[in-house]
Amino acid sequence: MGDGSADPRRRVPRTDTLLADPRLAAAVGTLGRDRVKAAIGQAQQRARRGEITPDEVPDDALAALPAPAPRAVLNATGVVLHTNLGRAPLSPAAVAAVVAAAGHTDVELDLRTGRRARRGRDALDALAAAVPDAGAVHVVNNGAAALVLAATALAADAEIVVSRGELVEIGDGFRLPDLLESTGARLREVGTTNRTSLDDYARAVGPRTGFVLKVHPSNFVVTGFTSAVGVRELATLGVPVVADIGSGLLAPDPLLLDEPDAASTLRAGATLVTASGDKLLGGPQAGLLLGDAALVERLRRHPLARALRVDKLTLAALAATLHTPDTPTRAALHADPARLRARAESLRDALGADGCKAEVVPSAAVVGGGGAPGVELDSWALSLPGAYAEPLRLGEPPVLGRVVRGRLLLDLRCVPAAADPVLREAVLRAVG
Ligand SMILES: *Cc1c(COP(=O)(O)O)cnc(C)c1O
């Protein structure tokens, strides 16, 4: 006959204690208290019946809850803009702006006059201020939408002259030529895969030309016997030049010398520049259109523009990103390798103290997601046995690394320093 406290069923954790578990507390935020309490109640019952141990109650309750999707993950892949991981993470300023805009907002109202105002004027003004070379700016849903709007408004029933070397697939099977042709525009392909000259364009340009399109090869590199024509030369052809720069860099970045930016592209003579908001700009998914004032106004008034309109949350996040440009994307791109190494070493030491053997190894991070192909960023990673990849991916929070030659590399370049303790805990749980 034992003392009652030895009976595991007596030590079933209380509901209050369980609700203080950070993972269950987070679930309350997304799924609601009632659902989480019901799952906790069931797990407590199972523990009282001896089907699980008291220690297993939090995990059992968690397992009974539907995983909210999409879930927040730790990006330890070393890919700064990972399309499968939602590209750019929003800055704290952008997150705060999204929260503030979630309710009723003055997105389309001037509070001083009480009258309707230009929708999203704060974001548009901030974009115009960031790129003074643009006569006007407009924002749509994403980079693809920006191109579709330009093609529809300027080249439906006309030709888009484009180099064969720039007919790219963006990803997930979507191809720019198909996208452009879906608007009714005809593609007039010029040059070859590796070489296109100004003369190729000149011979194709004529009365049927809607515009010449210059697409930045943002996810591949062609090397060897190559030549392409820059915007400055295309601007001499006497027809509008639309430049899809992809990455959304507004001004040159010394780290990414080959990456075109909106200001330089407009100064080189582009009539219109299109770009994404959630790549190097580090903002929300959006399509940016910058350029000639009359042309941007034509796009803005086109009926299709209404179908490509961005919501108030995007406008709020974009405005905050432009006002406070030190985004997590910029921080990841410009992180000091020495600092990354020091963080990796302290993580290794902390893990070692808990009996988990990790190594610190140099790593090559990349920009990814449609920007600066071929550019490698010196980085540092924790190296663990490859078998930990799956438990880490299935943990809470899920941690995504990169498996290289049987080792799991957790690259710290895209992990905010503040998340190091979370990473350490996640590794210990996966290993334990
Ligand atoms: C990323 C990219 C696109 C597509 O932009 P989305 O915002 O993903 O729609 C188009 N063109 C180029 C050159 C790109 O890099």
Can you name the nearest heavy-atom pair linking C414 to N75, along with the distance?
-> CB-O, 3.5 Å
Closest heavy-atom pair, L333 versus L280, reported as atoms and distance to 0.1 Å, is CD1-CD2, 3.6 Å
Decide yes or no for P284 and L313: does some side-chain heavy atom of the first lie under 4.5 Å from some side-chain heavy atom of the second?
-> no
Any donor-acceptor N/O pair, [X] side chain to [Y] backbone, under 3.5 Å:
X    : Y    : result
R298 : A153 : yes
R393 : L400 : no
K312 : E108 : no
R413 : A332 : yes
D172 : F174 : no
R119 : V310 : yes
T271 : V241 : yes

Could you state the interatomic distance from CZ (R407) to CD (E359), rounded to the nearest 0.5 Å?
-> 5.0 Å
For D349 and S346, does a side-chain donor sit closer than 3.5 Å to a side-chain acceptor?
-> no
Check whether the side chains of T192 and N194 place a donor and an acceptor atom closer than 3.5 Å, and report yes or no.
-> yes
Residues passing the side-chain hydrogen bond (donor to acceptor under 3.5 Å, both in side chains) test with Q285, sequence neighbours excluded, are none
Of all residues at least two apart in sequence or in a different chain, which pass the side-chain hydrogen bond (donor to acceptor under 3.5 Å, both in side chains) check with R118?
-> D125
Yes or no on salt bridge (charged side-chain N to carboxylate O under 4.0 Å, His left out) for R424 and D420, after CA distance, side-chain angles and deciding distance?
-> CA-CA 6 Å; R424 191 191 65 227; D420 282 355; over 6 Å; no
Take D21 and R23 through the test salt bridge (charged side-chain N to carboxylate O under 4.0 Å, His left out) and record every step on the way to the result.
-> CA-CA 5 Å; D21 180 305; R23 298 168 299 162; 3.3 Å; yes
Salt bridge (charged side-chain N to carboxylate O under 4.0 Å, His left out) evaluation trace for R429 with E396 | CA-CA 9 Å; R429 269 198 302 275; E396 179 52 45; over 6 Å; no
